[in-house]
Amino acid sequence: MPELPEVETTRRGLVPHLVGRRVRGAVVRNPNLRWPVPGDLSGRVEGEEVLDIRRRGKYLLIDFRRGHLLVHLGMSGRLSLVADDAPPNRHDHIDLQLEGHQALRLTDPRRFGAMLWIPEAAEGHQLLASLGLEPFAPEFTGAALRERAKGRRVAVKQFLMNGRIVVGVGNIYASEALWHAKIHPLRSVARISPEAWNRLAAAVRQTLKRAISAGGSTLRDFAGIDGRAGRYQQRHDVYGREGKPCRRCGAKIRAIRQGQRSTFFCPKCQK
DNA sequence: CTTTGCACCTGTTGGC
DNA sequence: TGCCAACAGGTGCAAA
């Protein structure tokens, strides 16, 4: 379940365990992720020390002296720390073997995730170069969103989910943020007032921030030996609540589809 | 240029 | 109970 909050939670959980630690190699059981996992991955990371772990959008960057490991969790990916002799399950595709008889294990049933090696400065990489605003950066404001909407007429929900505009807002939090901002998901970005853009920017930040705090409780499970354990159930205001009363006005929450994805909203208080 | 729909893949769920 | 279609938290890419 990787949206930005989950990825950030993963990053925070990994930092104390990985930074400063050396990698012994990598075991790739199935290289067929979104892009083929490089065959020389193990040689690339062997003997390298983890310098830092960063996040850009939903991408994780594990920094080494000689390069960076770019990790994406796709729809169903998960990273966990395991004992390095822990028997792999069907979807445990990659182990990054660490000093101290542990491994960082990538599990991903649907294999929409990715693990790539970037030899140069990571920022210049194709996949990262054209990414949009980070929701927690100071540049992420209503005015910046409004500026980027100029000349466009897409529905605001799809605009929000466009990673070249804003990163990190997935299908759940797009619906949630629009509900908080009281904006109808089908509304064209050409017809949003400056005030509404401000509300939206604030709502995106607030929604993601709250979810990260909630994700903090999965942090402990994550850092645990087996990496499994129960997941925190985020309380959503509209997502998955079709037919249930709006928590603000009591009207029935509606579900529609936009671009092959479900959208939830309150028809009464979102305009 | 913007917008739309497809593709990738496995697992779960709900209706018949 | 079993079967099958629809759907699931992402996103790059081709085509319109």
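In the text below, chain A, chain B and the rest are named by the order of the sequence lines, each starting its count at 1.
- Look at CG on L116(A): it is 19 Å from P on dG10(C), rounded to the nearest Å.
- The pair D237(A)-R210(A) meets the salt-bridge criterion, with a side-chain N (NZ, NE, NH1 or NH2) lying under 4.0 Å from an Asp/Glu carboxylate O.
- The side chain to side chain contact (heavy atoms under 4.5 Å, CB included) test applied to D85(A) returns A83(A), not counting sequence neighbours.
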Using atom names, set out every protein N or O paired with an N or O of nucleotides 13-16 of chain B below 3.5 Å, distance rounded to 0.1 Å.
none

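- Here S262(A) reaches the OP1 or OP2 of dA8(C): one of its side-chain N or O atoms lies under 4.0 Å away.
- For M161(A) and dA8(C), the CE to C1' distance is 12 Å, given to the nearest whole Å.
- Within residues 149-159 of chain A, no residue approaches DNA chain C, by heavy-atom distance under 4.0 Å.
- Closest to the Y59(A) side chain, of the nucleotides dG10(C), dC7(C), dG12(C), is dG12(C).
- Between H72(A) and dT11(C) there is a side-chain polar atom (N or O) within less than 4.0 angstrom of OP1 or OP2.
- Across all strands shown, G74(A) has heavy atoms under 4.0 Å from sugar-phosphate atoms exclusively, and none from any base.
- In DNA chain C, runs of at least 3 consecutive Watson-Crick or G-U pairs, each pair with both distances below 3.5 Å, span B:2-8 with C:10-16, B:10-16 with C:2-8.
- Residue contacts shown for G259(A) are absent, as no nucleic acid heavy atom lies under 4.0 Å away.
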Side-chain donor-acceptor distances from residues 34-41 of chain A under 3.5 Å, at least two apart:
| from | atom 1 | to | atom 2 | distance (Å) |
| --- | --- | --- | --- | --- |
| D40(A) | OD2 | R44(A) | NE | 3.2 |

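- Nearest-nucleotide mapping onto DNA chain C: of L131(A) and F264(A), the residue sitting toward the 5' end is F264(A).
- Aromatic ring pairs are classed by plane angle as parallel below 30°, tilted from 30° to 60° and perpendicular above 60°; the pair Y59(A) and H72(A) is perpendicular.
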Under 3.5 Å between N/O atoms: give me all the protein pairs with nucleotides 6-9 of chain B, atom names plus distance.
| from | atom 1 | to | atom 2 | distance (Å) |
| --- | --- | --- | --- | --- |
| dC9(B) | O4' | R110(A) | O | 3.4 |
| dC9(B) | O3' | R111(A) | NH2 | 2.7 |
| dC9(B) | O2 | R110(A) | NE | 3.0 |
| dC9(B) | N3 | R110(A) | NH2 | 3.4 |

